[in-house]
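Presented below is the structure to which this report refers.
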Amino acid sequence: MENLVEIKNLEVKYQTKKNLFGQMRDIFAVNGVSLDIKKGEILAIAGESGCGKSTLAKAIMKLVDSSSGEIFVNNKNILSVLNREELKAFYQKVQMIFQNPYSSLNPKMKIGEILREPLVINTSLTSEEIDKIVEEKLEKVGLDKNCLKLYPHEFSGGQRQRIAIARSLILSPEFIIADEPVSALDVSIQAQIINLLKQLKEDFNLTFLFISHDLSVIKYLSDRIAIMYLGEIVEIGNTEEIFTDPKHPYTKALLSAVPELVSENKKEKIQLTGELPSPENLPAGCKFHTRCPYVMDKCKCENPNTKEFTPTHNCKCFLYE
Ligand code: SF4
């Protein structure tokens, strides 16, 4: 399958405030990430809160500055300076669904205005043509045109997320980044939204980057999974490879928290101890060494290389070198 997105050695860093001596330090939220996303697939990124997955999403959307590396979308490096027209074309092809449908919709705008706005700004379609697209997309997410005159606060959380999804579809994008799109919703609604995303992917031949900490949702929805820890991808593989033959101790620890998802003969229990270290105090060597039950001396000072198990499955850990 052809790649739609290619990320090469991406770094996103912030600087601390000045200390007493006027010095600042770099804090890496994304640290040397390389990743391909194939046309038509759902690639999930899993990891604990604070591991850098949302920052990675924002870097792809150009919502935060990347400090180095490259991001190619349809073979164009979007980190090079894009002119106004190129930026417009980029945001037509790449859209994002945010975690919180309560804050992602402007409370002062009616749903009709929210959905029409991208088409008014980005196209020269007539008002009738815009109305037709808006109604089509609303119908696709299971809502009807009666909601166009209402404000966001008049809807439930699930309905608001449907509206946010409709807005993400308005410009007929190729690629959608969904950042924890169901974690702010009631459990009873989550399955409906997940099924809706799955259906829309088929209907519109979409490619998804799906960010979540919920491995049950990821198992159901994704084709491949990348496991992220402290700004690095530590393991990546097809969904089946990750769930039936996880390699990295961190992946095993995440899976241990949901034992019903792992096949019977692979239930190696690893209890995660301690908190995720702050990016301000990144451990040297393997970033997971402060919590890893298999830690060796060299893990504390050297960074492991990538070990390939299959053409689709690799991980970074000294246990396999
Ligand atoms: Fe654990 Fe060492 Fe592997 Fe890191 S490299 S995951 S510390 S065994």
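Indexing begins at 1, ligand by ligand and atom by atom, following the structure's order. Only this structure's heavy atoms are used, side chains among them; waters, hydrogens and symmetry mates stay out.
A cation-pi contact, defined as under 6.0 Å to the ring centre and within 45° of the axis, links Lys219 to Phe243. Both tests hold for Lys247 against Phe309: distance to the six-membered ring centre under 6.0 Å, angle to the ring axis within 45°. Both tests pass for Lys140 against the ring of Phe204: distance under 6.0 Å to the centre and angle within 45° of the axis.
With a 4.0 Å heavy-atom cut-off, ligand 1 is reached by no atom of Lys316.
The protein heavy atom nearest to atom 3 (Fe) of ligand 1 is Cys317 SG, 2.3 Å. When only non-hydrogen protein atoms are considered, atom 5 (S) of ligand 1 lies nearest to Phe318 N, 3.3 Å. Taking atom 1 (Fe) of ligand 1 as the reference point, the nearest protein heavy-atom neighbour is Cys292 SG, 2.3 Å. Annotation: atom 4 (Fe) of ligand 1 to nearest protein heavy atom, Cys286 SG, 2.4 Å.
Donor-acceptor pairing under 3.5 Å is lacking for the side chains of Arg167 and Gln95. Side chain to side chain, Asp179 and Ser54 meet the donor-acceptor criterion of an N or O pair below 3.5 Å.
In this comparison of Cys299, Cys315, Pro283, Pro249, the heavy atom closest to atom 7 (S) of ligand 1 sits on Cys299.
Residue contact check: His289 has heavy atoms under 4.0 Å from atoms 7 (S) of ligand 1. Heavy-atom contacts of Leu319 reach the following atoms of ligand 1: 8 (S) (cutoff under 4.0 Å). Close approach to His248 involves these atoms of ligand 1, each under 4.0 Å from a residue heavy atom: 6 (S).
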Next on the checklist: For a ring-ring contact (aromatic ring centres under 6.0 Å, His included) check, start with the C-alpha distance between Phe318 and Tyr294, then their side-chain angles and the critical distance, and finish with the verdict.
Outcome noted: CA-CA 10 Å; Phe318 284 125; Tyr294 306 111; over 10 Å; no

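For the pair Cys317/Pro249, a side-chain contact is recorded, criterion being any heavy-atom separation below 4.5 Å from C-beta on.
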